[in-house]
> 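Structure in structure tokens, see below.
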Amino acid sequence: MRKVEKAAEQKTTAPYDFRATEAKWQRLWRESGVFEAKAEPGRPKYYVLEMFPYPSGKLHVGHIRNYTMGDLVARYRRAQGFNTLHPMGWDAFGLPAENAAIAGGVHPARWTLDNILTMREELERMGFAYDWPREIATCHPEYYRHEQKMFLDFLRAGLAYRKESWVNWDPAENTVLANEQVIDGRGWRSGAIVEKRLLSQWFLRITAFAEELLEALGGLERWPERVRLMQENWIGRSEGARVVFEVDGGVGPVEVFTTRHDTLFGASFLALSPNHPLALKLAEKDPELARFIAECDRLGTSEATIEAAEKRGYKTGFLARHPLEESRRIPLYVANFVLMEYGTGAIFGCPAHDQRDLEFARKYALPVIPVVLPEGEDAAGFAIGEEAFVGEGVHINSGFLDGLSVAAAKKAAAARLEALGRGESATAWRLRDWGVSRQRYWGTPIPVIHCKICGIVPVAEKDLPVRLPEEVNFDIPGNPLDHHPTWKHVSCPRCAKAALRDTDTLDTFFESSWYFLRFCSPRAAAAFSAQEVGYWMPVDQYIGGVEHAILHLLYSRFFTRALRHCGYELDCDEPFEGLFTQGMVCHQTYQSSAGEWLFPEEVSSDGKGRLVDRGGALVTVGRLEKMSKSKRNIVGLERIVETYGADTARFYLLSDSPPERDLEWTESGIEGIWRYVNRLWRLVNEPPLPLPPAGAQPPQGEGPRHSLARRIHKTIAAVTEDLDKFRFNRAVARIRELTNAIEEAFRSEGGGAEVLRFGLETLCRLLAPMMPHLAEEMWQALGGKGLLAAQAWPKADPELAREEEVTIAVQVNGKLRATLMMPRDSAKGELESAALALPQVARWLAGRAPKKTVVVPNRIVNIVG
RNA sequence: GCGGGCGUGGCGGAACCGGUAGACGCACUGGAUUUAGGAUCCAGCGAUGCAGAUCGUGGGGGUUCGAAUCCCUCCGCCCGCACCA
């Protein structure tokens, strides 16, 4: 007997063959077409979408985390009976392709298409349930032609217009730089000091929808609160007033926007943005001011840099007249922290009640006049120290506003300003119109022609798409479309005289603002089919990184509205009904002794617990950081999939870290999953006890394995709820608990093997959205019929999941002193007397009589003595 | 600078609505098995203490019978800021 057992033990299966298994199921899924969706009017649909990737070359685990979650949702919803759409494509225009062309001489199209090829293969190896026939790439003329038409429609509707705006200019390369290409005020390649330059560019009038975009946020119930908040702040509606200050010396009035017009009597200076027309005008006769402005321009266009810079001002020598106090004059400054893009590009400073103004006033020795008195302070003794007072109070030192509250003073001040013709109530928005012109090659050509005689002439729709020229030279600095020998030279569609194409291309956010519509009918002759979009839209669940919380999502929300406005047949305003923003994937960073960043695979242990590089030199272990190319802390997908298979990688990405939080990639973590994969495989491939045939009903009522049945039902209920709420890490924990419970039940004595089979089958179904290949293989090994991918999601029976007994915590004076098993839903009185009868309670009461007892049914009894 | 977020064992995290802190996993320790390594199985694993017990959720304070959870305050870290996508 002993020997037999031993022989059985030694019959250990070879490790789970993920290579063959994963390839097999991927083939079967593809051949069966289970994941290809067709609109079926009347049947409930579910549109799952992950933010499509930029084809940068290789997928990394950050992408995979995103797609694993999307795939889970797609498979889960399909199992629940929804007609599920789950497409994938490529956000294929962008700067990196152009950089590659400059650095390596590869054509951007070639580079992009090659990358797509590799990345698609990698996605296929992950076994994601995509509807591949719907794949799109935005660099394809059949995609961007529709975008060009949209642009022309926007133009016709007055939603696209031209205006001058600032860009980062690299004087050495004669190129416009992206903010990320400006490092410490210098061009990343040339090292030349970057300047700000004015350029005439195309803008989309997103501000026309500001109010609506703000209002509608309230209806986005399945969006994370913080994303809505961020968008709200980004749109930034503020109620205030425009105030006109006359300036002595005949240089014209200055208009400011303020939200604190109640504090006008505390004004001690006026400040213009360095780009304010008046500042520029004054600079013409003031070389020192011109120098100051030039210095400010050197900061570049990034708001973060400008606002974080030391606050500086230049005193113009001009004096402005106070609008409410005839005799008063305040100095006119030009200040580097005043943004031309917000309000009117000019502010008045009230140092007593604004921290930034206070710092400015202290620096330039300007008066600080308190005009709002906090409650409990007396007017004579109140002075401003290090901190401006921004709270509520009563006005002082303010003429006709004295004694009024902040709100009342605002009203009164606005009324007086209006009566005097020196201002009025106004609303300002932080949101600015969307600049869409890019002086680059690898983007959608803007379909307009500039004619000396006719002005701006749209390209006729029959002539769309305006294609990018294929031959392009990246050796000459600047915009390749602009210096292309022939491309831009055309005849004007209106007067037939020689004219020039617009040589700018569209911002790549343009493509991602409507791709979710294209996916509904990816090969339609029009941008999208109204019928298909009508069925599939809105996206039920959108998943992507928080880094897109504002721009991409806001632009998409704007696009659906703008398209409707232009007559596109679309019946939703909000493209994304549900949104989930997942955290980033982080990894330790490594640096060589020379300070170079090292890839994780270049680092190994020297056997003495130290990390060394390939040459054996010691490696500095840096911080845990977001995976990025520049820090080289990237874990490539290939190696992981090669070593452990797709399912292991997927399950790892779902385990442990909550999806919205950052995840740390560790090698030991993935090994743990690999062991679990094999454990599962052994469990069905050679179960410790023979299983009854498929289809046998589990026995009802009390049996030796009845508690396992209860556990199974509880697990189904818990996992279902966790998946609904995006608590994937918890669902994983519940599934592992069930696995442990099944193994334990195998070891315990007695009959009821049907419950074991029921447990294993349930395990397969619950695992199916997470480790689909393994789950299919297990399902098949158990004798399940057909594809598991087409099986229904299990349903928990609340009757069978209910516990008959509960553990009651017993506290004395709030400290846990004992526990108590009681029938569930026992009455308060019963719980109380059972608790009081416990010897531990008597001991901790130490003879005192209980003063009070708090009883929470099914939870605790707290005796206060 | 402005806006958003996070902080619980050695590590990732769990704890539903204020009710047994540390589920599940990683790492580690001991044991079994093994020629060995690996794998597997069993047991242990917040800190202090022989123990009774005490302390413990970034720091400090508060509300409550009871706080990881609510309030105030301080500290640290991360993300976004309009031409990266």
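So you know, we letter chains A, B, ... as the sequences are listed, proteins then strands, and number each from 1.
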> What is the nucleic acid contact for A/Arg661, judged by heavy atoms within less than 4.0 Å: base, sugar-phosphate only, or nothing?
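Result for A/Arg661 = sugar-phosphate.
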> Between B/G19, B/A85, B/A82, which nucleotide has the shortest distance from any of its atoms to the side chain of A/Ile860?
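The answer is B/G19.
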> If the glycosidic angle sits within 90 degrees of zero it is syn, else anti. Tell me which applies to B/G10.
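Anti.
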> Within the pair A/Arg747 and B/C42, is there a side-chain N or O less than 4.0 Å away from OP1 or OP2?
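For B/C42, OP1 or OP2 has a side-chain N or O of A/Arg747 closer than 4.0 Å.
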> Any carboxylate oxygen within less than 4.0 angstrom of a Lys/Arg side-chain nitrogen, looking at A/Arg734 and A/Glu737?
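Yes, A/Arg734 and A/Glu737 are salt-bridged.
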> Of all the choices, B/A85, B/U20, B/G5, which nucleotide is nearest to the side chain of A/Leu229 once you look at every atom?
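Minimum distance to the A/Leu229 side chain belongs to B/G5.
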> Taking only the P atom of each, what is the distance from B/G66 to B/A21 in whole angstrom?
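After rounding to an integer number of Å, I get 14 Å for this pair.
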> If you only use heavy atoms from C-beta on, which nucleotide in B/C81, B/G7, B/G19 is closest to the side chain of A/Val854?
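Of the candidates, B/G19 comes closest.
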> How is A/His548 classified with respect to the nucleic acid when contacts are heavy atoms under 4.0 Å: base, sugar-phosphate, or nothing?
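The residue A/His548 makes base contact.
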> Where the side chain of A/Arg440 is defined as all heavy atoms beyond and including C-beta, which of B/G5, B/C83, B/A23 is the nearest nucleotide?
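For A/Arg440, the side-chain atoms sit closest to B/C83.
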> With a 4.0 Å cut-off on heavy atoms, is A/Tyr676 in touch with a base, just the backbone sugar-phosphate, or nothing at all?
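A/Tyr676: no heavy atom of the nucleic acid under 4.0 Å.
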> How are the rings of A/Tyr542 and A/Tyr515 set to each other: parallel, tilted or perpendicular (split at 30° and 60°)?
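Because their plane-to-plane angle lies in the 30° to 60° range, the rings of A/Tyr542 and A/Tyr515 count as tilted.
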> Can you see whether A/Tyr676 has A/Arg736 sitting over its ring - NZ or CZ less than 6.0 Å from the centre and within 45° of the normal?
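Yes, a cation-pi geometry.
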> Could you check whether A/Lys815 gets within reach of a base, just the sugar-phosphate, or nothing at all, counting any heavy atom under 4.0 Å?
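Sugar-phosphate, no base atom in range.
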> Is the NZ atom of A/Lys196 crowded by more than 12 outside heavy atoms at less than 6.0 Å?
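Check passes, neighbour count above 12.
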> Would you classify A/Thr819 as touching base, sugar-phosphate or nothing, given that sugar-phosphate means primed atoms plus P, OP1 and OP2, and contacts are heavy atoms under 4.0 Å?
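A/Thr819: base contact, heavy atoms under 4.0 Å.
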> Would you say A/Arg734 places a side-chain N or O within less than 4.0 Å of OP1 or OP2 belonging to B/G25?
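No, because none of the side-chain N or O atoms of A/Arg734 sits under 4.0 Å from OP1 or OP2 of B/G25.
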> Within the 4.0 Å heavy-atom criterion, would you say A/Ser437 contacts the bases, only the backbone, or no part of the nucleic acid?
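Answer is base: heavy atoms of A/Ser437 come under 4.0 Å of a base.
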> Can the ring centres of A/Trp674 and A/Phe18 be said to be less than 6.0 Å apart?
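A/Trp674 vs A/Phe18: aromatic centres under 6.0 Å.
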> Would you please test A/Leu723 and A/Met770 for side chain to side chain contact (heavy atoms under 4.5 Å, CB included) and show each step?
CA-CA 11 Å; A/Leu723 296 192; A/Met770 303 176 174; 3.9 Å; yes
> Syn or anti: how is B/C17 classified when any glycosidic angle within 90° of 0 counts as syn?
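Chi for B/C17 falls in the syn range.
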> Sticking with atom P, work out how far B/C74 lies from B/C79, rounded to a whole angstrom.
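Nearest-Å result for B/C74 against B/C79 at atom P: 23 Å.
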> Among B/A14, B/U54, B/A82, which nucleotide has an atom closest to any side-chain atom of A/Arg817?
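Selected nucleotide: B/U54.
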> Nearest-nucleotide wise, let me know which of A/Val546 and A/Glu737 is further upstream toward the 5' end of RNA chain B.
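Mapping each residue to its closest nucleotide by heavy atoms, the 5'-most match is A/Glu737.
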> Quantified in whole Å, what is the C1' atom distance between nucleotide B/C75 and nucleotide B/A23?
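Their C1' atoms lie roughly 30 Å apart.
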> Would you mind classifying the nucleic acid contact of A/Pro658 as base, sugar-phosphate or nothing, using non-hydrogen atoms under 4.0 angstrom?
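Here A/Pro658 touches the backbone only, sparing every base.
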> From the options B/G12, B/A14, B/A82, select the nucleotide whose nearest atom is closest to the side chain of A/Asp656.
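Nucleotide nearest to A/Asp656's side chain: B/G12.
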> Please tell me whether A/Glu511 and A/Thr444 have a donor and an acceptor in their side chains that are separated by less than 3.5 angstrom.
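Yes.
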> To the nearest angstrom, how far is A/Arg679 atom CZ from B/C41 atom P?
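Distance check: A/Arg679 CZ to B/C41 P gives 6 Å.
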> Please determine whether a side-chain nitrogen or oxygen atom of A/Ser655 lies at a distance below 4.0 Å from atom OP1 or OP2 of B/G25.
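No, no such contact exists.
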> Please tell me which of the listed nucleotides, B/U54, B/C83, B/G19, lies nearest to the side chain of A/Val856?
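Nearest to the side chain of A/Val856 among the choices is B/G19.
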> Would a distance-only check, ignoring hydrogens and angles, find a side-chain to backbone donor-acceptor pair under 3.5 Å from A/Asp433 to A/Thr207?
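Yes, the answer is positive, given that a donor and an acceptor are paired below the 3.5 Å cut-off.
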> Check every strand shown and say whether A/Thr807 touches a base, only sugar-phosphate, or nothing at a heavy-atom separation below 4.0 Å.
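The residue A/Thr807 makes base contact.
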> Do A/Asn233 and B/G3 have a side chain to base donor-acceptor pair shorter than 3.5 Å?
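Answer no: no donor N or O sits under 3.5 Å from an acceptor.
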> Taking the P atom in each of B/G60 and B/U8, what is the distance between them to the nearest angstrom?
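The same atom, P, in both gives a distance of 15 Å.
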> Where the side chain of A/Asn862 meets the backbone of A/Gly814, is there a donor-acceptor pair that is under 3.5 Å apart?
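Present.
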> Decide yes or no, distance alone: a donor-acceptor N/O pair under 3.5 angstrom between the base of B/C83 and the side-chain of A/Gln439.
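Donor-acceptor pair under 3.5 Å: yes.
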> Atom CD1 of A/Ile235 and atom C1' of B/G3: how far apart are they, to the nearest Å?
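In whole Å, B/G3 C1' lies 14 Å from A/Ile235 CD1.
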> Quick one: on RNA chain B, does A/Ala733 or A/Trp844 contact a more 5' nucleotide (nearest heavy atom)?
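The residue whose closest nucleotide sits nearer the 5' end is A/Ala733.
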> Rounded off to whole Å, could you give me the CZ-to-C1' distance for the A/Arg205 and B/A82 pair?
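Taking atom C1' of B/A82 as the reference, CZ of A/Arg205 is at 18 Å.
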> Applying a 4.0 Å non-hydrogen cut-off, can you work out what A/Trp434 is touching in the nucleic acid: base, sugar-phosphate, or nothing?
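The residue A/Trp434 makes no contact with any strand.
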> Between B/G56 and B/A68, how far apart are the two C1' atoms, rounded to whole Å?
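Taking atom C1' in both B/G56 and B/A68, they lie 11 Å apart.
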> Using a heavy-atom cut-off of under 4.0 Å over every strand shown, decide if A/Asn740 touches base, sugar-phosphate, or nothing.
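Answer is sugar-phosphate: A/Asn740 comes under 4.0 Å of backbone atoms only.
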> NA contact type, A/Arg228, heavy-atom cut-off 4.0 Å: base, sugar-phosphate, or nothing?
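Touches nothing.
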> Counting side-chain heavy atoms from CB outward, which of B/C24, B/C16, B/C41 is closest to A/Arg859?
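Shortest atom-to-atom distance from the side chain points to B/C16.
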> Mind checking A/Arg432 for me? I need base, sugar-phosphate or nothing, with any heavy atom below 4.0 Å counting as a touch.
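Answer is base: heavy atoms of A/Arg432 come under 4.0 Å of a base.
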> Separation of A/Leu663 atom CG from B/C11 atom P, in whole Å?
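The distance from CG of A/Leu663 to P of B/C11 comes to 17 Å, rounded to the nearest Å.
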> For the side chain of A/Arg736, starting at C-beta, report the closest nucleotide among B/C24, B/C6, B/G12.
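Nearest nucleotide to the side chain: B/C24.
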> Can you give the dot-bracket line for RNA chain B, where a pair is Watson-Crick or G-U wobble with both atom distances under 3.5 Å, crossing pairs use [ ], and | marks a partner on another strand?
(((((((..(((......[....))).(((((.......))))).(((....)))..(((((..]....))))))))))))....
> Considering every strand and a 4.0 Å limit on heavy-atom distances, what is the contact class for A/Asn862: base, sugar-phosphate, or nothing?
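The answer is base, as A/Asn862 lies within the cut-off (heavy atoms under 4.0 Å) of a base atom.
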> The side chain of A/Glu303 is closest to which nucleotide in this list: B/G25, B/U20, B/A82?
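Closest nucleotide among those given: B/A82.
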> What about A/Glu743, does its side chain sit under 3.5 Å from the base of B/C41 through a donor-acceptor pair?
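Absent.
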> Using whole Å, report how far CE of A/Met230 lies from P of B/A82.
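One finds 13 Å between P of B/A82 and CE of A/Met230, rounded.
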> When the ring centroid of A/Phe360 is compared with that of A/Phe337, is the distance short of 6.0 Å?
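Yes, ring centres under 6.0 Å apart.
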> Looking across every strand, which nucleic acid part, if any, lies under 4.0 Å from A/Ala304 by heavy atom: base, sugar-phosphate, or nothing?
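Contact class for A/Ala304: base.
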> Using atom C1' in both nucleotides, what's the gap between B/G59 and B/C77 to the nearest angstrom?
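Each nucleotide's C1' atom is 15 Å from the other's.
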> Cut-off 3.5 Å, side chains only: do A/Thr112 and A/Trp442 have a donor facing an acceptor?
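Side chains of A/Thr112 and A/Trp442: pair found under 3.5 Å.
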> Report the distance from atom NE2 of A/His552 to atom CZ of A/Phe509, rounding to the nearest 0.5 Å.
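CZ of A/Phe509 is found 8.0 Å from NE2 of A/His552.
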